[in-house]
2 protein chains.
Amino acid sequence: MLQTVRRAAQVLRLFTPEQAEWGVTEVAAALGLPKSGAHLLLRTLAAEGLLQRTASGRYRLGWSLFELSQTKLETTDFLLVARRVMEQLVAGWGETTHLAVLVDGQVLYVEKLQGDRALEIVLSRVGKRLPAHCSGVGKVLLAHRPWEEVVAIVERQGLPALTPNTITTIERLRAELEAVRHQGFAYDQEEVMVGLCCAAAPIRDETGEVVAAMSLSVPAYRFYPYRQRLTTAIVEAARRISTQLGYDGEGSQWNDTAGSRSRSSARATSGRT
Amino acid sequence: MLQTVRRAAQVLRLFTPEQAEWGVTEVAAALGLPKSGAHLLLRTLAAEGLLQRTASGRYRLGWSLFELSQTKLETTDFLLVARRVMEQLVAGWGETTHLAVLVDGQVLYVEKLQGDRALEIVLSRVGKRLPAHCSGVGKVLLAHRPWEEVVAIVERQGLPALTPNTITTIERLRAELEAVRHQGFAYDQEEVMVGLCCAAAPIRDETGEVVAAMSLSVPAYRFYPYRQRLTTAIVEAARRISTQLGYDGEGSQWNDTAGSRSRSSARATSGRT
DNA sequence: CCTATATGTTCAACATAGATGAACACCGGA
DNA sequence: TCCGGTGTTCATCTATGTTGAACATATAGG
């Protein structure tokens, strides 16, 4: 593992909405490096466009990151397809939909469409991570990972309680994920924020792997009466996306029983251009 | 300059919409490295989330780039402000507006809003770069850089002709940029694509520096009759944005005569949180 | 089913690229 | 004007990254 590259990545991660600008000394202090080392890292990253030097000799994130990210988005097959379906969903329900992937054991929101009937969900922001064990999308994504991986994640990050409803024991999590896997969808019943519920379903690519999860969020008082219709709506929508991605339906070999490393050999035949 | 970090950045830049997936051998060949070296680079980048390993042991861009990019966007002051004004502009004219910055001597499109009356402009895509000397936004951005820098850019990238109207000599470019700087706006008269014109104006931050440029694109046959109104519209809009960013108006010390390194000492007082 | 070819992975010896700290230059505030 | 802090440079040393060849693994073809 290239130490220098790791450090460079660490430097990049220092830049957040809270502190968007860093100087040499600050970076050196934050990473425990000598000033000269931090200096060199920053200079090099700036030369490559990953950082940007301000007039005052400090640094901000560079536009190259935007370019790379854009490339990532354009080459992520499920995004384009999912967006269309999400728009329909929002149009029909007037609520908020989320699209998320699992990164490093956490949920990363990739897309969010807000309906006119929807309450502003401050917690979820595109580009932001949240713990996976509480949200609907998070539970869907975890449910389709091998159990050992889930254990490792929990050991690393714990099960922080965001509300009184949040799952906080690994036993309950195990039961929940098993249920989610078998029924094909997950609920969030005020587990991430009091007063907010959602239903979520998995999106699969042509190899059958779960690549993302989609959810429809509603205020709690609207959730319980409409639960059934909400569920079928999100499951249907997610399946429609999966189908468009080349996933050829249920029943077959893809009733993956994660926990065993069963499908680990599934290979993308897709490949190169 | 840290060689390893440079190489890591080179690796990232290999990933494009055309080839979004790379293997160890391919990367090694592309960069002229031994396989083991490429392997280590890819592994490290993947461990940091900047790349993602596929099931088949190949690599794609990672979601960390999306997160970093999102942070960049959220902390770029002019973006939020500009978006609002652009929406108004599109609503009023039904044409397409672009927002762009200068990166590495090229124009990088950062935002694009399409009106209902507008023709699809395939050439400009958010996240894509174009040479600066032909587009309206490009000329605005170049006009406010020191002339020596412009010369360096031209020496590096030449003046490729995208249409018969494209400026292809440095003399014409110099005259054009001077005019643009003095009048406060630029036209693109079918210089990037036949049949397409635009008017563009600079956006300044509170230090008076030109941080971005905005344009309103229209089909050529609609450009000439409406030129005057188009010009005032874009200039007005851009000025409104600048004002909201804290730029306190014309006339004062900001009539920057780029070419002399006059304002190089202007310092952002903005800073950290 | 088994071979052949290509691709990803590992390892240990070597050389150089990067780490380091002190001294310097520079700016902004007192 | 001076002072504290910040960014920058440099020469020394060693840890780090580089390298190529051998190994493991997967894909395509007979």
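Numbers restart at 1 for each chain; the letters A, B, ... are given by sequence-line order, proteins then strands.
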J.: For residues 39-65 of chain A, which residue pairs pass the ring-ring contact (aromatic ring centres under 6.0 Å, His included) check, not counting sequence neighbours?
T.: A/Trp63-A/Phe66
J.: What is the separation between atom CG on A/Leu40 and atom P on C/dT20, rounded to the nearest whole Å?
T.: 12 Å
J.: A/Arg43 side chain: which of D/dT19, D/dT9, C/dT20 is closest?
T.: D/dT9
J.: Please tell me which of the listed nucleotides, D/dT18, D/dT19, D/dG7, lies nearest to the side chain of A/Leu2?
T.: D/dT18
J.: Given 3.5 Å as the limit, does a donor-acceptor pair link the side chain of A/Ser69 with the main chain of A/Leu65, or not?
T.: no
J.: For A/Trp22 and D/dG7, give me the distance from atom CH2 to atom P, rounded to whole Å.
T.: 12 Å
J.: Base, sugar-phosphate, or nothing for B/Gly23, non-hydrogen atoms under 4.0 angstrom?
T.: sugar-phosphate
J.: Side chain of B/Pro34, heavy atoms from C-beta onward: which of D/dT8, D/dT19, C/dG21 has the nearest atom to it?
T.: D/dT19
J.: Could you tell me how far apart B/Leu31 (CG) and D/dG17 (C1') are, to the nearest whole angstrom?
T.: 16 Å
J.: Would you kindly give the CG-to-P distance between A/Leu45 and C/dG18, to the nearest whole Å?
T.: 13 Å
J.: Just compare D/dT16, C/dT7, D/dG7 and give me whichever is closest to any side-chain atom of A/Gln3.
T.: D/dT16
J.: Under 4.0 Å, heavy atoms only, any strand: does B/Arg6 hit a base, just the sugar-phosphate, or nothing?
T.: nothing
J.: Can you pull out how bent the helix from C/dT3-D/dA28 to C/dA30-D/dT1 is, comparing the axes over its first five and last five pairs, to 10°?
T.: 60°
J.: Between B/Asp104 (side chain only) and B/Gln106 (backbone N and O only), is there a donor and an acceptor less than 3.5 Å apart?
T.: no
J.: Could you tell me which residues satisfy salt bridge (Lys or Arg N to Asp or Glu O under 4.0 Å) with A/Arg13, sequence neighbours excluded, listed by chain and number?
T.: B/Glu48
J.: Need to verify one output field. Residue with the more 5' nearest nucleotide on DNA chain D, A/Val5 or A/Tyr59?
T.: A/Tyr59
J.: Salt bridge or not for B/Glu74 and A/Arg125, using N-O below 4.0 Å?
T.: yes
J.: CG of A/Leu42 versus P of D/dT8: gap in Å, rounded?
T.: 9 Å
J.: Is it the case that B/Lys72 and A/Gln52 place a side-chain donor and acceptor less than 3.5 Å from each other?
T.: yes
J.: Output yes when A/Asp248 and A/Arg204 qualify as a salt bridge under the 4.0 Å nitrogen-oxygen rule, no when they do not.
T.: no
J.: Starting at CD of A/Glu26 and ending at P of D/dG5, how long is that distance when rounded to a whole Å?
T.: 14 Å
J.: Could you tell me how far apart A/His39 (NE2) and C/dC26 (P) are, to the nearest whole angstrom?
T.: 14 Å
J.: Output yes when at least one side-chain N/O atom of A/Arg7 is less than 4.0 Å from OP1 or OP2 of C/dG18, else no.
T.: no
J.: In whole Å, I'd like the distance from the NZ atom of A/Lys35 to the P atom of C/dC26.
T.: 15 Å
J.: Please work out if A/Ser36 contacts a base, only the sugar-phosphate, or nothing of the nucleic acid, heavy-atom cut-off 4.0 Å.
T.: base
J.: Are B/Arg58 and D/dA26 close enough that a side-chain N or O sits under 4.0 Å from OP1 or OP2?
T.: no
J.: For A/Val24 and A/Thr4, take the nucleotide of DNA chain D holding the closest heavy atom to each; which residue's nucleotide lies nearer the 5' end?
T.: A/Val24
J.: So, A/Glu26 and A/Arg58, do they make that salt bridge, N to O below 4.0 Å?
T.: yes
